[in-house]
Structure formats: C-alpha cells, structure tokens
Amino acid sequence: MGSACLILFALSCLIVESAARPFYPLPSKVAEGERRPLQTSRPYNIAHRGSNGELPEETAAAYMRAIKEGADFIETDILSSKDGVLICFHDVTLDDTTDVAQHKEFANRKRTYVVQDANTTGFFTVDFTLKELKSLRVRQRYPFRDQQYNGKFQIITFEEYIAIALDATRVVGIYPEIKNPVFINERVKWQNGKKFEDVFVETLKKYGYKGSYLSDEWKKQPAFIQSFAPTSLVYASNLTDLPKIFLIDDITVPTQDTNQSYWEITSDGYFDFIKNYVVGIGPWKDTVVPVVNNYLQPPTDLVARAHAHNLEVHPYTYRNENMFLHLNFNQDPYEEYEFWIHKMGVDGLFTDFTGSLHNYQEWTSPLSSKDSNETSLLHKIAVMVSSYERV
C-alpha cells in the first residue's frame with residue numbers, strides 16, 4: 001500500500017506541474033522580433049467567428065481565445081456602419097446577438113428591407129453610426145452556450161480585428177468575408193464612387209496584406225478573402241492577388257448576386273471558370289456529405305472534383321454540441337474531425353471550437369511537436385490516476 005501511495009503522489013506531482021502547460025504549443029523560442037510561422041503541413045484550423053463556442057461571436061475576446069487555443073486563421077464577417085466604417089458582425093440585423101432592443105433611444109430604428117430577395121425586419125447595422133454601434137453590447141447567439149459573458153463586449157471594427165491577428169506572438173492568418181455585398185452596396189455610399197469591395201481591399205492593403213497563395217509575402221501575413229457572391233470575388237481579383245475562397249450555401253439557396261443554383265456553381269464547367277479567381281471553395285459540410293435523419297449518406301464527389309480543378313476545400317461549420325454532431329460520430333467531435341480530415345481529405349475546417357480541433361490535430365498528426373507527446377503522456381497518467389480514485 002505504501003509504494004502505491006508513493007507512485008500516486010509522484011504521478012500527482014507530475015500532473016500538477018504539467019497541468020500548467022497549455023494544450024497548444026508555446027511560442028517558439030526565436031530571435032526577438034520573429035514569430036513562429038503559419039503551419040501549412042496539415043488542414044487549417046479556422047476559428048469560425050473566433051472561439052464562439054465559448055465566447056460571444058466576433059468579439060475581441062473570442063478571437064484572442066481562438067489564437068490562444070491554436071487557431072491557424074481567425075475568421076470574420078465584414079459589414080458596414082451607416083457612416084461607412086467596416087465592422088465585424090455576422091447578421092445584417094443586430095437583433096439576435098446584441099442588446100439593441102434594450103436601448104430605448106434606438107426604438108425608432110427598426111426597419112424592413114429586402115435582403116437576398118426576402119423581406120427582413122429588424123435593427124440594421126447600416127442604420128447605426130459606429131459610435132452608436134459601440135454603445136451596444138454583444139451576447140451569445142445560442143441559449144445552450146455559456147451566457148456569463150453577455151453584455152461584456154463591444155462590436156469591433158475590421159481594423160481592430162486585424163490588430164488582434166498582427167499582435168499575436170506567432171503568425172496568425174485572417175479570413176474575412178465580404179458579407180452581403182449586394183445589400184451593403186445598396187445602403188452605404190462611400191466617397192468617390194467606391195464600393196464595399198474597394199474599401200474592404202483598401203483596408204487589407206493598409207495593413208500590409210498582399211501576395212498570392214503560399215508566396216513568401218503571403219506567409220508573413222496570411223489572409224483568405226471569402227464571399228458567397230461570385231461577382232464580389234471576381235471584382236476583388238482585380239484589386240488584390242490575395243487568395244480567395246468561394247463560399248457555397250445549401251443546395252436550396254441560389255447565389256445572392258447572380259441567382260445561380262447550387263448545381264450550376266458546383267459543376268465542372270463552373271469550377272473551370274471560378275478557379276481563375278479563387279483558390280478554393282467553402283461549402284456547407286452537409287452538401288458535401290448529405291444527411292438524412294441525422295445520419296450521413298454516401299459522400300458526394302465534390303471534394304474530389306474540386307481537388308481535380310486544383311481548388312482547396314474548406315467546409316463549414318464544425319461544432320462540438322450533440323445537436324450538431326451527426327449520429328455516426330457517437331457524439332464525439334474527434335470522430336467527426338477524423339472523418340473529414342482523413343476520409344474526406346479536406347484542406348481546412350471552420351470550427352466553433354478551435355481548441356478541440358487543435359488538440360485533435362496535435363494528438364494525431366505525424367508531425368506533432370514534443371509538446372503534443374507530453375500532453376498525450378499527461379492524458380494517459382490522468383486516466384491511470386482516475387482508476388485509482390474510482391477504487
């Protein structure tokens with residue numbers, strides 16, 4: 001009994017000492033002024049609206065958490081205020097993720113506009129100045145996620161989001177979306193006849209983002225430009241050589257600007273056209289592998305065909321909660337990552353839970369760092385100790 005207790009004590013000490021180590025790699029010990037480069041040897045971990053499974057989406061806190069947890073890219077949606085300032089926000093209306101309804105001074109701002117051919121009623125970002133938007137506070141979108149941070153964070157600007165990535169201790173890419181460009185261009189007028197896309201790209205250039213995909217200058221400050229609107233991507237291609245990703249919605253949703261069907265934009269002929277402007281596609285994952293009664297059906301050939309056209313595939317969105325995990329994965333997000341990375345062969349994943357994807361890749365990658373091996377050992381020791389505790 002004495003020796004068993006001694007072993008447990010020694011193991012406990014090791015756990016206490018190692019528990020302080022994060023599950024993400026620490027910044028490399030390199031010369032001052034240098035940062036550990038972006039990893040390009042495995043699929044990208046794309047923090048969908050930041051680590052929004054834990055913190056309210058598209059806030060500074062959500063992006064900093066995602067970076068801490070090991071994100072390769074932090075993803076955001078770009079909209080505009082009334083006075084033409086680009087902001088990080090997903091919905092064209094403020095209703096679902098801010099406290100705008102509690103602000104009596106804005107009660108008369110509710111409007112009904114046509115957005116993607118549908119009447120939409122609410123408080124629209126384009127009817128508020130940046131100063132007014134900054135007076136609002138953001139809340140968690142889903143009621144089943146942690147609500148303790150509601151009311152604590154502001155809406156941030158595109159420039160503030162960029163600063164978060166550039167201030168990281170390692171190279172972290174950005175992945176901004178030109179969001180609802182048709183609607184924004186209808187409602188916001190910039191000086192000198194500029195368009196939403198012009199101001200968007202100018203902001204990227206202002207902070208030094210440039211270069212074709214995987215070029216040396218791109219690797220210094222990695223960025224993907226994404227949009228559901230193919231005309232915006234084509235237009236942006238004349239403004240910058242940064243890589244672009246064509247987002248693809250559900251099979252029932254036509255493109256917002258060209259009114260093309262899902263089947264048109266995923267055809268080989270269209271891939272031949274769009275590959276002149278983009279480096280990849282970002283499809284909703286349930287269109288890549290159809291789902292019936294929450295069970296996966298046989299995969300389509302979309303990934304294989306995209307790869308045959310030299311296009312990357314970055315599906316969205318991976319979430320850890322049981323309601324989002326198809327039954328094939330036994331309520332285990334690691335099984336879902338395993339399927340998409342090793343069976344489907346995708347090149348990047350948009351996830352609400354950056355930490356879980358990073359941990360999975362660290363534990364399974366043949367190129368895992370020494371930190372990952374130590375984390376694996378720690379996990380095994382913890383399992384050993386827990387078995388003693390049950391006894």
Side-chain angles (χ1 to χ4, degrees), residues 19-27 44-79 86-103 125 130 133-170 172-177 179 226 316-325 333-334 336-337 348-362:
R21 297 176 64 95
F23 278 7
Y24 51 89
L26 295 173
Y44 296 126
N45 183 338
I46 306 162
H48 180 241
R49 308 180 201 170
S51 187
N52 84 88
E54 302 173 50
L55 290 157
E57 65 185 44
E58 313 220 6
T59 58
Y63 290 121
M64 289 189 284
R65 175 71 64 84
I67 291 171
K68 183 178 180 181
E69 291 177 339
D72 299 314
F73 288 85
I74 52 174
E75 186 264 355
T76 194
D77 306 274
I78 302 300
L79 291 171
L86 301 188
I87 61 169
C88 297
F89 205 75
H90 180 269
D91 300 354
V92 292
T93 58
L94 299 159
D95 304 55
D96 288 346
T97 57
T98 77
D99 61 357
V100 65
Q102 299 172 25
H103 287 254
T125 68
L130 178 64
L133 290 172
K134 284 288 190 179
S135 72
L136 306 178
R137 292 298 177 268
V138 181
R139 65 172 182 242
Q140 176 59 255
R141 178 179 296 272
Y142 296 110
F144 48 82
R145 289 181 175 171
D146 192 349
Q147 303 295 305
Q148 67 173 307
Y149 300 104
N150 291 351
K152 296 185 182 298
F153 307 120
Q154 294 181 327
I155 293 172
I156 64 172
T157 66
F158 191 12
E159 292 185 292
E160 289 170 330
Y161 156 84
I162 288 172
I164 292 170
L166 294 180
D167 287 344
T169 56
R170 57 185 173 84
V172 174
I174 61 172
Y175 209 127
E177 178 183 346
K179 191 74 175 180
Q226 55 172 335
Y316 65 91
T317 302
Y318 298 85
R319 300 179 169 110
N320 286 13
E321 290 100 349
N322 290 343
M323 66 175 59
F324 296 121
L325 287 167
Y334 294 98
E336 184 176 36
Y337 295 144
L349 300 88
F350 289 82
T351 177
D352 285 2
F353 293 87
T354 317
S356 66
L357 176 53
H358 181 76
N359 288 341
Y360 168 80
Q361 291 199 279
E362 286 292 282

As an exercise, state the distance from [atom1] of [X] to [atom2] of [Y], rounded to the nearest 0.5 Å.
X      : Y      : atom1 : atom2 : value
Cys88  : Glu177 : SG    : CD    : 11.5 Å
Thr93  : Asp96  : OG1   : CG    : 5.5 Å
Tyr334 : Leu357 : OH    : CG    : 9.0 Å

Contacts of type side-chain hydrogen bond (donor to acceptor under 3.5 Å, both in side chains), residue Asp146, not counting sequence neighbours: Gln148
With sequence neighbours excluded, what pairs up with Asp77 under the side-chain hydrogen bond (donor to acceptor under 3.5 Å, both in side chains) test? none
Check this for me: does any side-chain nitrogen of one of [X] and [Y] sit under 4.0 Å from a carboxylate oxygen of the other?
X      : Y      : value
Arg319 : Glu321 : no
Asp91  : Arg141 : yes
Glu75  : Arg49  : no
Glu58  : Arg139 : no

Among residues two or more places apart or on two chains, list those pairs meeting salt bridge (charged side-chain N to carboxylate O under 4.0 Å, His left out) that have a residue in residues 148-158. none
Pairwise side-chain contact, [X] with [Y], heavy-atom cut-off 4.5 Å (strictly under):
X      : Y      : value
Ser135 : His103 : yes
Glu160 : Tyr63  : no
Leu325 : Pro333 : yes
Arg65  : Ile67  : no
Ile155 : Lys134 : no
Ile162 : Ile174 : yes
Glu57  : His48  : no
Thr351 : Tyr316 : no

Under 3.5 Å, side chain of [X] to main-chain N/O of [Y], donor-acceptor pair present?
X      : Y      : answer
Asp99  : Arg137 : yes
Arg145 : Leu55  : no
Tyr161 : Ile74  : yes
Ser51  : Glu54  : no
Gln154 : Leu136 : no
Asp72  : Asn45  : yes
Asn150 : Gln140 : yes

For Phe350 and Tyr175: C-alpha separation, side-chain torsions, deciding distance, then whether side-chain contact (heavy atoms from CB on, under 4.5 Å) applies. CA-CA 10 Å; Phe350 289 82; Tyr175 209 127; 3.6 Å; yes
Report yes if the distance between the aromatic ring centroids of Phe324 and Tyr318 is under 6.0 Å, otherwise no. no
Could you go step by step and tell me if Ile87 and Leu133 meet the side-chain contact (heavy atoms from CB on, under 4.5 Å) rule? CA-CA 9 Å; Ile87 61 169; Leu133 290 172; 3.8 Å; yes
Fit a plane to each ring of Phe153 and Tyr149, take the angle between them on a 0 to 90° scale, and name the class: parallel (under 30°), tilted (30 to 60°) or perpendicular (over 60°). parallel
Under 30°, 30 to 60°, or over 60°: which ring-plane class applies to Tyr360 and Tyr337, parallel, tilted or perpendicular? tilted
Given side-chain contact (heavy atoms from CB on, under 4.5 Å), test Thr76 with Phe89 step by step and report yes or no. CA-CA 7 Å; Thr76 194; Phe89 205 75; over 6 Å; no
Do you know which of Ile78, Thr157, Leu79 makes side chain to side chain contact (heavy atoms under 4.5 Å, CB included) with Leu86? Ile78
Would you mind telling me which of Thr59, Asp352, Thr354, Thr317 makes a side chain to side chain donor-acceptor pair (under 3.5 Å) with Asn52? Asp352
Starting from the C-alpha separation in whole Å, work towards a yes-or-no answer on side-chain contact (heavy atoms from CB on, under 4.5 Å) for Met64 and Ile164. CA-CA 7 Å; Met64 289 189 284; Ile164 292 170; 3.9 Å; yes
